[in-house]
Amino acid sequence: MIGGIEEFVDKEKPEGYYERLIAELEKVNSKLHIFSSINRQISSGIPFSVKDNICVSGVESTASSAVLEGYVPPFDATPVERLKSNGFGFVGKTKMDEFGFGTFGINCKDHPRNPFGDSYVTGGSSAGAAAAVSVMKYHIAVAESTGGSISCPAAFCGVVGFTPTYGLVSRYGLIDYANSLDKIGIIGRSSRDVRYAFDIIKGSDSYDTTCVDHQINGENRKKLIIIDQLMANVDQDILSSFDKFISKMQNLGYSVEHRSLPLIDKALAAYYIISMAEASTNLAKYTGFKYGIRVNDFSKGYNEFFTEARRNFGPEAKRRIILGTFVRSASVKSRYYEKAMRFRHMLIDALNSIIKDGFLISPTMPIKAPAIKEAEELSPLKSYSMDSITVPPNLAGLPHVSFPYDYINGFPVGVQLVTSHFNDYALLDFVQGWEEEFNYRFNYDVGAI
Amino acid sequence: MKIGLEVHVALPTKSKLFCSCSSGAEEPNTAICPTCLGFPGSRPMLNEEALKRSVTIAKAVHCKVNEKTHFIRKVYFYPDLPKSYQITQLEGAIGHCGYVDIERKRIRIRRVQIEEDPARIIHADDYSLLDFNRSGVALNEIVTEPDIESEAELREFMSELRSILFYAGVDIDKEMKVDLNISVGAEKVEIKNITGIKNLVDAERFEEKRQEELIASNKRVATETRSYSEETMSTVPSREKETDEEYGFIYEPDLAVYPTNGIIPYATVIASELAKQYSGKRKETIKTIKELVMFDREALKLIQYGAGQSNIETVINAIEVLKRRGKIRMPEKGFGKMLDLLDKGIVLDDDAIAALNDGEDVEAEKHGVSTEEIDREILNVLSQRPDLVKEYKTNKKVFNSIVGIVIKKYKVSPKHVAERLALVLGE
């Protein structure tokens with residue numbers, strides 16, 4: 001299937017194309033609240049959107065947080081800079097759960113709505129990014145995943161969400177959630193679109209120590225591995241549709257192996273401990289001083305001044321600051337933070353040995369996109385537990401992709417494929433193979449020519 | 001009494017620790033960038049020169065250098081700290097378990113580490129100003145064990161440390177901040193951010209007396225953080241200090257683990273170390289060696305080479321001669337021969353040194369002159385010029401005239417002739 005942005009590059013654009021694109025986008029946005037800002041100046045290039053926690057020079061970048069209101073970074077994030085100078089045009093910033101803290105995309109003001117039904121969530125935290133892809137015909141979204149923030153909304157919005165191996169894409173310009181887990185990735189309408197953009201943004205950067213140049217492989221493996229523990233809490237309708245998908249893959253020549261990995265049940269806890277510990281230090285800098293929200297009352301001491309600014313965090317951000325500060329406190333650190341750090345290494349070893357000759361496969365999410373009301377009523381712990389499938393590859397820094405494989409009651413469901421470090425291309429090859437069998441459905445085609 | 005110190009000095013690097021901003025800008029807030037302002041989206045990149053400088057200091061205070069070094073975040077809220085955490089070190093510090101010897105004891109060094117400096121706060125009457133030029137400047141912290149037990153030892157330690165750091169390119173008289181931990185009894189008091197050696201000693205003296213008086217009058221010394229005021233020369237309780245519990249150290253996830261095994265410390269520090277090694281306890285020799293090799297790799301090379309062959313006094317004399325004559329780039333082999341000749345009591349003339357420098361053999365009979373020969377010539381001159389001997393008794397300046405006559409014949413060092421002449425005249 002050649003189409004997508006490669007087709008866009010070759011096509012003659014009718015006059016006034018970009019003006020019409022922006023007008024249509026603004027109309028859709030007033031209904032679905034996908035973008036925090038739309039770039040009316042776009043006049044050329046393949047449209048790309050940027051998750052609001054990734055800096056675009058001269059454009060307000062707030063990670064959808066009131067604390068950062070008014071922060072206009074003086075520099076482009078490296079992936080943004082690379083896309084801009086390789087034929088892409090910046091189309092807008094997409095909404096997200098504040099700082100990436102959320103599974104449904106509802107932890108922000110005027111949160112995005114699912115293009116398949118506007119009373120349903122988009123998934124999070126790259127909520128607007130996945131929804132924008134689902135809405136726009138020619139476009140890729142620069143998104144970011146810490147514990148599943150690309151896979152989850154990609155699954156709920158019926159698009160391809162690709163999270164590369166940790167360290168392949170520079171994080172310079174990313175407003176940090178948890179640095180040792182944060183990965184910038186691409187969401188697109190097809191594996192080809194994703195690959196096109198990924199090839200531009202990847203590679204070392206003199207502004208990010210953790211970013212490397214590494215040979216990226218595409219080693220196809222004909223075995224699919226299902227870890228039983230990951231299937232334990234998956235909804236029945238998803239399970240039966242997933243079984244059908246697996247049968248299809250067997251017909252296509254894949255073997256299937258079931259494995260038990262009891263320690264994977266601890267991944268969620270370890271992930272939340274590490275991510276909250278790091279987040280609580282990253283969020284310490286928001287004190288209303290040099291950027292973001294301004295406190296104008298200088299009559300009090302600095303502690304009161306800082307507190308005034310920090311009142312503007314949303315409830316989930318406050319919860320994570322408090323929990324994150326607790327788990328790294330000296331007296332309990334060895335029971336939480338350090339233990340979780342050790343567990344991460346155990347998990348990496350365990351997963352590496354399981355997937356060395358196959359792909360790890362599962363539904364991306366244990367549920368379909370829930371109604372907004374339903375999601376709002378979930379307790380924090382219940383919400384966190386929705387990440388049980390997306391967290392393990394994220395905690396281990398393994399590349400993974402979520403792509404739609406079926407539609408249940410008109411809503412897309414996604415499958416998540418995981419492979420070894422630096423075998424990223426194998427994931428995109430796999431999806432490309434699947435695309436020969438599969439017809440994507442979209443409710444919008446903004447920007448179609 | 002027990003005293004432990006945390007000494008902070010700026011590392012002599014052109015740029016800051018985690019960005020390429022200049023370390024020494026004067027006009028406030030001109031050397032700044034997203035990284036040293038802690039802007040969202042920015043991240044640190046380690047200045048490798050700082051690593052090398054700190055390894056140099058760690059080795060100079062006899063630390064074990066960690067094979068791999070890494071950084072941590074120390075979280076606290078203060079207006080001068082742009083990220084509300086400081087990137088510093090703890091277990092994975094540059095060096096640990098070192099020492100500095102002072103006159104009669106050894107002060108153990110717990111740790112040598114790198115960290116970033118916060119911004120500078122300038123307090124005015126009812127407002128404060130922040131200068132972020134200093135934010136992110138590379139600092140080196142030296143943490144001692146509580147081994148210092150008196151004001152005299154404190155002075156001695158600081159004097160020794162000043163000298164060690166000077167040869168590592170750091171001048172503590174320009175800028176140094178010390179946290180002083182002092183306990184006369186059981187309770188520890190920390191006095192933070194003392195600037196300069198004079199204030200450190202004054203603060204120690206005041207605090208020692210204050211604690212002694214409290215103990216003498218059966219009052220409790222509070223475990224607390226205090227600050228020192230230069231104006232009143234006294235210490236006062238300061239804001240509540242965060243505890244380790246609240247700092248909540250975590251690994252700095254934006255930086256790597258850095259190997260140190262490929263890092264060669266700066267030669268000057270090796271020299272400073274060699275000086276002590278080769279010269280025993282004679283302070284003037286230590287000073288001479290340090291001065292000779294300070295920032296001079298060639299002299300350092302020759303000292304290292306020569307010290308294995310001849311006694312250190314001879315080596316120093318030879319290097320001084322070579323430096324004076326601009327021949328310090330002497331090949332090791334030639335230098336070895338030179339030391340041989342010197343050890344035999346032969347004084348070398350310019351031609352001999354030039355020949356050694358060119359890698360040629362030098363026959364002592366041709367180019368050198370033995371001490372006996374010089375003594376003979378001195379006696380010869382003195383017997384021929386009794387007028388000079390007579391005049392010398394009233395006018396000591398004649399001494400140099402006699403030296404001048406002797407070296408007309410032999411092109412040897414006037415210093416050497418002067419030494420011999422002094423001996424002869426003394427007899």
Side-chain angles (χ1 to χ4, degrees), chain A residues 53-55 61-63 65 67-68 71 73-77 99 170-176 178-182 205-210 274 277-278 280-287 289-292 298 301-303 305-307 310 324-333 337-338 341, chain B residues 18-20 29 32-48 70-88 90-91 119 121 123 126-128 130 132 135 239-240 242-258:
Chain A
N53 61 350
I54 298 167
C55 292
S61 302
T62 71
S65 176
V67 162
L68 268 175
Y71 174 52
F75 58 95
D76 273 328
F99 288 108
S170 169
R171 289 180 294 113
Y172 181 71
L174 172 69
I175 299 172
D176 305 305
N179 318 50
S180 74
L181 294 157
D182 295 344
D205 176 11
S206 59
Y207 291 103
D208 180 1
T209 307
T210 64
I274 295 170
E278 290 185 14
S280 68
T281 67
N282 287 323
L283 267 53
K285 66 164 80 77
Y286 303 116
T287 51
F289 226 52
K290 296 184 295 299
Y291 40 74
F298 289 96
Y302 67 90
N303 269 327
F305 181 92
F306 292 168
T307 306
R310 293 170 71 76
T325 304
F326 171 70
V327 295
R328 60 183 168 83
S329 304
S331 60
V332 298
K333 190 173 152 182
Y337 174 69
E338 286 170 356
M341 294 292 273
Chain B
F18 296 119
C19 61
S20 55
N29 293 313
I32 51 172
C33 74
T35 295
C36 57
L37 289 176
F39 267 39
S42 69
R43 46 199 85 248
M45 293 294 288
L46 179 66
N47 178 347
E48 306 266 342
H70 68 258
F71 294 84
I72 56 155
R73 290 179 176 180
K74 175 180 179 177
V75 185
Y76 63 94
F77 290 86
Y78 204 65
D80 64 2
L81 195 62
K83 300 186 292 296
S84 303
Y85 61 80
Q86 182 191 31
I87 303 180
T88 175
L90 212 56
E91 292 94 350
I121 303 189
H123 293 291
D126 58 346
Y127 62 91
S128 301
L130 285 165
F132 287 91
S135 174
R239 70 183 170 94
E240 275 308 297
E242 284 83 357
T243 60
D244 279 358
E245 178 79 13
E246 288 146 3
Y247 285 138
F249 303 109
I250 66 163
Y251 300 109
E252 171 50 66
D254 274 339
L255 291 168
V257 172
Y258 299 88

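Below, chains carry the letters A, B, ... as their sequence lines are ordered, and counting in each starts from 1.
For a residue to count as touching a neighbouring chain, one of its non-hydrogen atoms must lie under 4.5 Å from one of that chain's; by this rule A/Asn53 does not touch chain B. With a 4.5 angstrom heavy-atom cutoff, A/Pro73 does not touch chain B via any of its atoms. For a residue to count as touching a neighbouring chain, one of its non-hydrogen atoms must lie under 4.5 Å from one of that chain's; by this rule A/Tyr286 touches chain B with the side chain only. Residue B/Leu130 touches chain A through its side chain alone, counting heavy-atom pairs closer than 4.5 Å.
Put simply, CZ on B/Phe71 and OG1 on A/Thr209 are 10.0 Å apart, with the number rounded to the nearest 0.5 Å. Taken from OG1 in A/Thr287 to CZ in B/Phe77, the straight-line distance is 8.0 Å, to the nearest 0.5 Å. Expressed to the nearest 0.5 Å, how far OG of B/Ser42 lies from CD1 of A/Ile175 amounts to 10.0 Å. One finds the CE atom of B/Met45 at 6.0 Å from the OG atom of A/Ser206 (value rounded to the nearest 0.5 Å). With rounding to the nearest 0.5 angstrom, the CG atom of B/Asp254 is 9.0 Å from the CG atom of A/Leu174. Distance check: B/Tyr85 OH to A/Ser280 OG gives 11.0 Å after rounding to the nearest 0.5 Å.
Enclosure of atom CZ in A/Phe298 by more than 12 non-hydrogen atoms of other residues, nucleotides or ligands within 6.0 angstrom is indicated.
The two atoms that bring B/Val75 and A/Ala284 nearest to each other are CG1-CB, 4.2 Å, heavy atoms only. Of all heavy-atom pairs spanning B/Glu246 and A/Arg328, the tightest one is O-NH1, 4.5 Å. Considering every non-hydrogen atom in both A/Pro74 and B/Pro34, the closest pair reads CG-CG, 4.4 Å. Annotation for B/Leu37 and A/Tyr291: closest pair O-CE2, 4.3 Å, computed over non-hydrogen atoms. Residues B/Arg73 and A/Glu278 share a closest heavy-atom pair of NH1-O, 4.0 Å.
Side-chain contact between A/Lys285 and B/Phe39 is absent, with no heavy-atom pair separated by less than 4.5 Å. Here the side chains of A/Lys290 and B/Phe132 are in contact, with some heavy-atom distance below 4.5 Å. Counting heavy atoms from C-beta on, the side chains of A/Tyr207 and B/Arg43 never come closer than 4.5 Å. Within the 4.5 Å cutoff, the side chain of A/Tyr337 has heavy atoms near those of the B/Tyr251 side chain.
Put simply, of A/Asp208, A/Leu283, A/Asn303, A/Leu68, the one with the most heavy-atom pairs under 4.5 Å next to chain B is A/Asp208. Note on B/Pro44, B/Pro82, B/Ala256, B/Cys19: by heavy-atom pairs under 4.5 Å with chain A, the leading option is B/Pro82. Heavy-atom pairs under 4.5 Å with chain B peak, among A/Asp176, A/Thr210, A/Ile54, at A/Asp176.
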Practice prompt. Apply side-chain contact (heavy atoms from CB on, under 4.5 Å) to A/Thr281 and B/Lys74, showing your working.
Written response: CA-CA 9 Å; A/Thr281 67; B/Lys74 175 180 179 177; over 6 Å; no
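Ring geometry for B/Tyr78 versus A/Tyr302: interplanar angle over 60°, hence perpendicular rather than tilted (30 to 60°).
At least one donor-acceptor pair under 3.5 Å links the side chain of A/Tyr71 to the backbone N or O of B/Pro40.
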